[in-house]
Amino acid sequence: MCGIVGYIGTHAAAPVILEGLAKLEYRGYDSAGMAVFDGERIQITKSAGRLKVLEELTHDGATMPGVVGIGHTRWATHGAPSNENAHPHYNMNETIAVVHNGIIENYLPLKEKLISRGYQFTSETDTEVLAHLIDYYYKGNPLEAITKVMHRVQGSYALGIIFAEHPDEIFAVRKDSPLIVGQNENGCFIASDVPAILKYTRKVYFIENQEVVRLRADHMHFYTVDEEEITKEPVTIEWDSDAAEKGGYEHFMLKEMYEQPKTVTDTLMPRLKDGDIVIEELGMSDEEIQSIRKIYIVACGSAYHTGVTAKYVIEGIARIPVEVDVASEFRYRDPILEDGTMVIVISQSGETADTLAALRESQKRGHKVLGIVNVVGSSIAREADNVMYTWAGPEIAVATTKAYSAQLIALYLLAMKFAKVRGKLEEEAFQHMLEDLKRLPEQIEMLLSNKKKIQKFANRYVAAKDVFFVGRGIDYAISMEGSLKLKEISYIHSEAYAAGELKHGTISLIEEGTLVAAVATQDKLFQKTLSNMVEVKARGAFVLAVTNEGNTDIEKAADYVIYIPSTNPYFANSLAIIPLQLFGYYVAVGKGCDVDKPRNLAKSVTVE
Ligand code: M6R
């Protein structure tokens, strides 16, 4: 995720900012920049690439004198990683500079309005809209201009802002994107994350949604979005710097699991407009959507599992045949790609060698490829004909969680869009599904809050040798991901089976006490899966069931039940996967495994 650091005080700002940004490097970024008021004007230096480039360009900050400044490391969202898109961004006469973390959902209409009023843009970012919008509302009072902007924009943001006409102040605001401020005897600091300023102070103020802070060298004032001054209490940070990088969580994987409600919101909300789904980046007219005869989904690992889920969803609601393939198979098996076949590749990193090869193979055969990608500017994002980004931010743990959840959302949106355009989904059903989608973030949050219960259960299985995950339909796809989560980080052998397949061989592996995790969220398949549970239980299995609230019948066949809240059956994966992620995580923690960096695995598999 992007990083923000700002400083105002008695020392040179640039070295403090560079040092703070270096502490946020672990979060991943693709460009860096700083704005410092040099006594006359706001000077900006920024560049694509590592922080080292910025350090070299500024001679470790020496070329940017001044005691007020803001800095940023960017993880590209709107627009590729480039010098122009790097932050900070100016207004047109370079008297305002802005750094931004988050996504402005309504940036396009705002940009159009600003252009019609004569504003010129030099980047593709949503952030530049903010710089011009602040300029538009600025009549000499920064607080007034900023709060007006907060009323106009939708989405998530943490902002650091400086004004040449107010060189003794920094302004910072936030909504749904973290921001803290702190103070010591040498000045005041803003940061998107604690590690950036831990060296200077352990007393920090957490800025809440829709709050504004005005920092001077020796004091800070806090305001509501309605410009009313408020008081806040500081929090003393006890974490060491390693814990601080993880936001206080024990591992990045746990932190990233907890980021899933936000990831889902960020991937979903910018694509919902006036009761409809708008996927501008799809680049397909309604006629083109209507003429799709088949969809091929190609990916690896967890991304492949989201493809398996999508097959059920797309076929179920849009009635388009879908074939899902692992990229390493697809690329070598001379796939039959007939006219009217749409190819979708899915990848968090956008660098997976086999997925990239599958994309190229499809293009060689004359097929356009849609990439569902998390890393902006990655190889797949650059080479795909169209890119639908998942706004999960950087994922550091090797085991994917939040990017997986974001991919599911992107695929649900596609399925619903296709279904609606092809006349397969009535407006009323479509609206109900939209409501269910919007409820997912809070439902995920609720499931995450059960972590203690799952941890206790997981502790009983740290010595397990084999675990089986079973389910039917979408529940089978969920089982595949639950099984992968467990095995890749805990090194416990686990397998996922379509529950109906058990009798065809696997059931002979069940012994007294073998753990079988049965996923049963699909009402129409519930009784079938229940029978399979009874069968394995009769052979000594310990049965963990994941099912919908109200399905208490399951308690007859299961030894331990986790209930998920009610949602549309097509979205059950987004909820049922949460306890399974937590289960895999806590088993691995209980075994003392290196959860974030499991042996033999890499985050980005750039070789075949
Ligand atoms: O970056 P990608 O999404 O293309 O990566 C695909 C797989 O390598 C990835 O999902 C892998 O299976 C993860 N370790 C799963 O947690």
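We number each residue from 1, following the sequence as shown.
Between Glu481 and Ser302, the side chains place a donor N or O and an acceptor N or O closer than 3.5 Å (distance only, hydrogens not considered). Checking Tyr404 against Asn573 by side-chain atom types alone, a donor-acceptor pair falls below 3.5 Å. For Glu19 and Tyr200, the side-chain atoms include at least one donor-acceptor pair closer than 3.5 Å. Between the side chains of Gln260 and Ser405, at least one donor N or O lies within less than 3.5 Å of an accepting N or O.
In this structure, Lys203 places its NZ atom where only 12 or fewer heavy-atom neighbours from other residues, nucleotides or ligands lie under 6.0 Å away. The local environment of CD in Glu549 is crowded, with over 12 non-hydrogen atoms from other residues, nucleotides or ligands closer than 6.0 Å. Shown here is Lys597, whose NZ atom has no more than 12 heavy atoms of other residues, nucleotides or ligands within 6.0 Å.
Summarising the geometry, atom CD belonging to Glu208 is positioned 4.5 Å from atom NZ belonging to Lys232; distances are rounded to the nearest 0.5 Å. The distance from atom CD1 of Ile564 to atom CG of Asn450, rounded to the nearest 0.5 Å, is 12.0 Å. Of the inter-residue distances, the one linking Phe571 atom CZ with Ile474 atom CD1 reads 9.5 Å to the nearest 0.5 angstrom. Here the CE atom belonging to Met253 is positioned 13.0 Å from the NZ atom belonging to Lys402, to the nearest 0.5 angstrom. Atom CD1 in Ile409 sits 11.0 Å away from atom CD in Gln407 (nearest 0.5 Å). Taking OG1 of Thr514 as the reference point, atom CD1 of Ile507 lies at 11.0 Å (rounded to 0.5 Å).
Annotation: Phe457 is in aromatic contact with Phe583 [ring centroid separation under 6.0 Å].
Here the closest heavy-atom approach between residue Ala76 and residue Asp30 is recorded as N-OD2, 2.7 Å. In this structure, Ala381 and Tyr389 approach most closely via the heavy-atom pair CB-OH, 3.3 Å. In terms of heavy-atom proximity, Pro441 sits nearest to Val264 at CG-CG1, 3.9 Å. Contact between Gly500 and Arg472 at its shortest, heavy atoms only, is CA-NH2, 3.4 Å. Considering every non-hydrogen atom in both Pro261 and Leu448, the closest pair reads CD-CD1, 4.0 Å. In terms of heavy-atom proximity, Cys300 sits nearest to Thr352 at SG-CG2, 3.7 Å.
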message: Show, in sequence, the C-alpha distance, side-chain angles and deciding distance for Asn568 and His432, and conclude whether the side chain to side chain contact (heavy atoms under 4.5 Å, CB included) test is met.
response: CA-CA 8 Å; Asn568 185 292; His432 276 133; over 6 Å; no

- prompt: Asp436 and Thr567: side-chain hydrogen bond (donor to acceptor under 3.5 Å, both in side chains), yes or no, with the steps?
  reply: CA-CA 6 Å; Asp436 282 334; Thr567 187; 4.6 Å; no

task: Assess whether side chain to side chain contact (heavy atoms under 4.5 Å, CB included) is satisfied between Ile277 and Tyr412, documenting all intermediate values.
output: CA-CA 11 Å; Ile277 292 172; Tyr412 300 155; over 6 Å; no

task: Test side chain to side chain contact (heavy atoms under 4.5 Å, CB included) on Val173 and Met150 and set out the steps.
output: CA-CA 9 Å; Val173 305; Met150 290 165 77; 3.9 Å; yes

query: Could you walk me through whether Arg539 and Glu535 pass the salt bridge (Lys or Arg N to Asp or Glu O under 4.0 Å) check?
result: CA-CA 7 Å; Arg539 284 155 182 87; Glu535 284 155 15; over 6 Å; no

- prompt: Run the side chain to side chain contact (heavy atoms under 4.5 Å, CB included) check on Phe430 and Ile317 step by step: do they pass?
  reply: CA-CA 10 Å; Phe430 179 82; Ile317 63 173; over 6 Å; no

message: Apply salt bridge (Lys or Arg N to Asp or Glu O under 4.0 Å) to residues Glu281 and Arg271 and explain how you reach the verdict.
response: CA-CA 10 Å; Glu281 62 274 39; Arg271 289 160 175 135; 2.6 Å; yes

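No donor-acceptor distance shorter than 3.5 angstrom exists from the side chain of Glu351 to the backbone of Ser378, with no hydrogens or angles considered. Under the 3.5 Å distance criterion, the side-chain polar atoms of Thr309 are matched with a main-chain donor or acceptor of His305. In terms of modelled atom types and a separation under 3.5 Å, the side chain of Ser494 and the main chain of Ser483 share a donor-acceptor contact. Between the Asn101 side chain and the Cys2 main chain, a donor and an acceptor come within less than 3.5 Å of each other. Asp475 places a side-chain N or O within donor-acceptor distance of the main-chain N or O of Gln522, the cut-off being under 3.5 Å. Between the side chain of Lys591 and the main chain of Tyr461, no donor-acceptor pair closer than 3.5 Å is present. Between the side chain of His87 and the main chain of Arg74, no donor-acceptor pair closer than 3.5 Å is present. At least one donor-acceptor pair under 3.5 Å links the side chain of Lys311 to the backbone N or O of Val322. Side-chain atoms of Thr267 come within 3.5 Å of backbone N or O of Trp391 as a donor-acceptor pair. No side-chain donor-acceptor contact under 3.5 Å links Ser192 to the backbone of Gly3.
For the pair Leu21/Tyr29, no side-chain contact is recorded, criterion being any heavy-atom separation below 4.5 Å from C-beta on. Side-chain atoms of Leu544 and Phe469, non-hydrogen and from C-beta on, never get closer than 4.5 Å to each other. Under the 4.5 Å side-chain criterion, counting only non-hydrogen atoms from C-beta, Asn551 is in contact with Asp523. Proximity of Leu440 to Leu575: side-chain heavy atoms (C-beta onward) are separated by under 4.5 Å at one or more points. Side-chain atoms of Tyr304 and Val324, non-hydrogen and from C-beta on, do get closer than 4.5 Å to each other. Two residues are said to be in side-chain contact when any heavy atoms from C-beta on lie closer than 4.5 Å; Leu509 and Asp466 fail this criterion. Residues Asp266 and Thr77 are not in side-chain contact: their nearest non-hydrogen atoms beyond the backbone lie 4.5 Å or more apart. Looking at Leu413 and Leu272, their side chains come closer than 4.5 Å, going by heavy atoms from C-beta outward.
Using a cutoff of 4.0 Å between basic side-chain nitrogens and carboxylate oxygens, Asp193 and Lys23 are not scored as salt-bridged.
Ring pair Tyr205/Phe222 is tilted by interplanar angle, where 30° to 60° counts as tilted.
Checking Thr263, Ile396, Asp596, Thr400 one by one against Glu256, the side-chain contact (heavy atoms from CB on, under 4.5 Å) holds for a single residue, Ile396. Across Leu198, Val181, Ile197, a single residue satisfies side-chain contact (heavy atoms from CB on, under 4.5 Å) together with Val204, and that is Ile197.
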